[in-house]
Amino acid sequence: MSKITTQREGEVFVITLNNPPVNAFSTEVRNAMAAAVEEAAGDDSVKAVVIRAEGRMFSGGADITEFGKQPVHPTLPELIDSIEDLAKPVVVALNGTALGGGCEIALGCNYRIGIPATKIGLPEVKIGILPGAGGTQRLPRVVGVEEALPIIVTGNPIPAKKAEAIGLLDKIVAPETLRDEAIAFAREVAARSEHPVSSQRTDRIHDHDAGVFDAFRQKHARRLKGLEAPAKCIEAVELSTRLPYEEGIAKEREFFMELVMGDQSKALRHVFFAERQAGKIDGMPKDTAPLPIRKVGIIGAGTMGGGIAMNFLSAGYDVTMVEREQEALDRGVGIIRKNYDATARKGRMSAEQVEAALGHLTTSLDYQDFADCDLVIEAVFELMAIKKDVFGKLDTICKPDAIMASNTSYLDVNEIAACTSRPEQVVGLHFFSPANIMRLLEVVRGDKTSAAVMATAMDLAKKIGKVAVVSGVCHGFIGNRMLAKRQEQASDLLMEGARPAQVDKVLTDFGFPMGPFQMSDLAGLDIGWDPEKTSSSTVREVLCERGRRGQKTGKGFYDYDENRQRTPSDEVDAVIAEFAAKSGKEQRDISDEEIRERLLYPMVNEGALILEEGIAQRASDIDTVWINGYGWPPYTGGPMFWADTIGLDTVLAGLEKHGMEASQLLRDKAAKGERFNG
Ligand code: T1G
């Protein structure tokens with residue numbers, strides 16, 4: 001099937017793009033479209049051209065799979081220039097999302113028509129590059145600098161209405177009439193003597209406040225910290241106001257080539273494909289259909305239960321939430337309402353959407369109300385005895401084909417499944433707190449979990465906006481198992497002379513949103529701590545005994561002011577010093593480099609063991625877990641990709657230098673100069 005077809009509609013020449021799944025501008029597409037443009041140019045009976053697309057969007061842009069290879073002519077910039085140089089008006093019909101090169105093709109046309117669902121964006125910055133086909137020079141000329149900057153630097157698309165308001169769309173029509181409307185519009189403009197050409201506009205370029213660039217840099221400084229591409233995006237747009245178009249294009253091309261060959265873009269492109277690969281289960285029979293899920297039951301209305309419920313409510317599922325006491329239930333519903341109100345205040349949901357979501361919620365004190373649920377998720381206390389009791393009850397209440405899921409963070413899903421008469425219907429759905437915000441969902445596959453249940457879980461994850469990663473059963477699955485190794489080293493470092501603030505800073509300098517001790521204070525030091533059984537045997541226990549249980553008590557490893565700003569604590573330092581003295585370990589100044597190696601290398605090694613044991617399907621899944629569940633900086637690609645980048649031999653040498661275990665897989669790959677991510 002040809003990816004580019006052409007039709008004549010009288011004097012209008014229609015070029016149609018059809019390259020599923022996202023109409024990417026691959027080499028084949030560019031070649032065929034260039035030929036079609038040349039045909040239109042050479043035919044005097046053609047008075048105007050329409051460029052349109054089949055499928056659910058206009059285009060997802062250039063074909064990212066071709067990056068890093070030798071550019072093949074015609075490049076996208078060359079194709080767009082040939083469109084812009086046509087001596088006949090070109091109308092583009094945007095039948096949906098137009099991103100990256102798709103948006104740049106549209107900018108090369110004289111006129112742009114969309115439908116209400118049209119979204120236009122330049123997301124290149126999200127994969128560590130910048131619009132490399134004229135976007136940084138044409139967009140400011142069409143919509144002005146103030147409107148162009150956020151589109152290019154955040155990479156977030158804008159809706160049709162906004163695009164029309166800023167002059168990026170000439171009109172919005174109904175989807176079913178788009179093709180005809182575009183042809184009629186082309187006929188109409190064919191009679192005009194002049195047509196707008198994006199690259200030749202200078203009016204918008206000079207209507208901005210010169211301070212806009214520095215103001216933009218300052219406003220976004222925190223979010224852009226450590227990232228190369230956004231800085232180049234701002235610089236390229238700034239140059240569009242200082243240089244003639246062709247010189248601006250040359251700089252854009254120079255920046256593009258510099259970024260696309262850089263480590264950050266390679267890492268971010270890895271992350272892009274890793275997230276999509278994670279949704280696939282190796283060896284899953286092709287015809288495995290997900291089971292229909294209409295009604296979801298949630299056991300527990302605590303922070304996790306409420307957050308989990310919100311994912312399904314927002315996606316339009318009916319939810320029955322059950323607690324033991326009315327007071328806990330009311331509190332849980334209150335938390336859900338509060339979270340939705342906060343979301344509405346930020347403009348992320350309308351008041352109507354909030355009411356619609358809450359309209360799907362039913363509460364109850366009776367497990368019998370789960371009888372007609374297609375899926376029930378327990379989010380009760382992390383104690384195996386309680387989980388077993390819950391699943392034993394569910395087994396007698398849920399309908400035969402209902403899926404029963406545990407939100408356990410660590411525990412053995414096989415042991416939980418064994419409490420039911422239908423272990424093939426049991427799966428782990430490990431959400432990350434706050435469950436209504438964090439994108440990661442670990443889908444834990446029990447030994448007996450059926451293919452249909454796994455396919456349903458993966459399909460459901462997509463529908464509620466999660467990034468799902470399949471994990472086998474082990475203590476802590478993928479993320480928490482690796483986290484434990486990092487926490488172990490963090491605690492050991494305190495016994496050898498390091499202090500919480502130094503350890504945390506090493507990780508925030510690396511790009512994490514917070515370090516291990518800040519994270520403990522956020523989550524609460526008293527998780528799993530029992531005041532009845534506490535014995536002052538660890539720093540954490542002593543801090544809990546002294547009421548230092550984290551941000552929620554105003555103090556933990558740090559002291560917090562009313563704005564939750566943290567300061568190191570002398571009391572904590574004294575407790576650490578006391579335990580350090582008892583540990584008998586030599587106290588010394590520890591370098592940041594040693595701290596980074598001791599925190600991160602054991603995590604990579606644990607990732608290698610997780611691969612060896614088949615707990616994770618692929619190294620990129622481990623990267624996806626850590627980026628979406630724990631804030632690993634995406635521009636380094638995740639723990640396994642980062643290890644590949646610095647070299648597995650470097651990781652191995654570091655582990656050996658600090659006297660730490662190295663897995664056989666790591667040793668073998670390091671010896672052969674191989675990478676985890678192929
Ligand atoms: N190139 C190649 N493959 C792509 C692709 C692309 N641009 N976009 C998506 N795919 C694949 C994806 O890997 C998946 O493959 C399938 O299509 C469906 O994707 C010169 C240089 C468009 C919003 O950054 O944001 O233009 O897993 O599951 O949820 O300036 O894909 O099925 O084998 O995401 O409906 C800039 C990236 C490119 C947009 C659709 N464009 N794509 O979301 O489907 S650089 C982007 C997306 C560029 C120019 C520059 C989304 C989507 P598989 P999907 P979706």
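Basis for what follows: all heavy atoms, side chains included, without hydrogens, waters or symmetry-related copies.
Rounding to the nearest 0.5 Å gives a distance of 8.0 Å between CD1 of Ile166 and CD1 of Ile120. Atom CZ in Arg253 sits 5.5 Å away from atom CZ in Phe256 (nearest 0.5 Å). We find the CE-NZ distance between Met603 and Lys485 to be 12.0 Å, quoted to the nearest 0.5 Å.
In this structure, Arg276 satisfies the cation-pi test against Phe272, with its NZ or CZ atom closer than 6.0 Å to the six-membered ring centre and inside 45 degrees of the ring normal. In this structure, Arg112 fails the cation-pi test against Phe58, since its NZ or CZ atom is not both closer than 6.0 Å to the six-membered ring centre and inside 45 degrees of the ring normal.
No donor-acceptor pair closer than 3.5 Å links the side chain of Arg598 to the backbone N or O of Met660. A donor-acceptor pair under 3.5 Å is absent between the side-chain atoms of Asn19 and the main chain of Phe25, judged by distance alone. Between the side chain of Gln502 and the main chain of Ile590, a donor-acceptor pair closer than 3.5 Å is present. Using a distance-only test at 3.5 Å, with no hydrogens or angles considered, a donor-acceptor pair links the side chain of Lys466 to the main chain of Met438. No donor-acceptor pair under 3.5 Å is formed between the side chain of Gln489 and the backbone N or O of Arg596. Remark: the backbone N or O of Gly144 is not paired with any side-chain donor or acceptor of Glu147 at under 3.5 angstrom. Looking only at distances, no side-chain donor or acceptor of Thr343 sits under 3.5 Å from a matching main-chain atom of Arg348. Counting only distance, with no hydrogens or angles, the side chain of Ser59 and the backbone of Gly61 share a donor-acceptor pair below 3.5 Å. Gln617 places no side-chain N or O within donor-acceptor distance of the main-chain N or O of Gln277, the cut-off being under 3.5 Å. Between the Ser663 side chain and the Leu609 main chain, no donor and acceptor come within less than 3.5 Å of each other.
Smallest separation of non-hydrogen atoms from Thr154 and Lys126: O-CE, 3.4 Å.
A salt bridge does not link Glu104 to Arg138: none of the charged side-chain nitrogens sits closer than 4.0 Å to a carboxylate oxygen. Glu228 and Lys232 are not joined by a salt bridge, as no carboxylate oxygen comes within less than 4.0 angstrom of a charged side-chain nitrogen. Between Lys338 and Asp341 there is no salt bridge, since no side-chain nitrogen of the basic residue lies less than 4.0 Å from a carboxylate oxygen of the acidic one. Under a 4.0 Å N-O distance rule, the pair Asp592/Lys505 does not qualify as a salt bridge. With respect to Lys251 and Glu235, no salt bridge is recorded, no charged nitrogen being found less than 4.0 Å from a carboxylate O.
Screening Arg439, Arg269, Lys280 for a salt bridge (Lys or Arg N to Asp or Glu O under 4.0 Å) involving Glu275 leaves a single residue, Arg439.
Residues Phe641 and Trp632 place their aromatic rings such that the two centres sit no closer than 6.0 Å. Residues Phe432 and Tyr630 place their aromatic rings such that the two centres sit under 6.0 Å apart.
If you check the side chains of Ser314 and Tyr340, you find a donor sitting under 3.5 Å from an acceptor.
Within the 4.5 Å cutoff, side-chain heavy atoms of Leu600 are placed close to those of Leu507.
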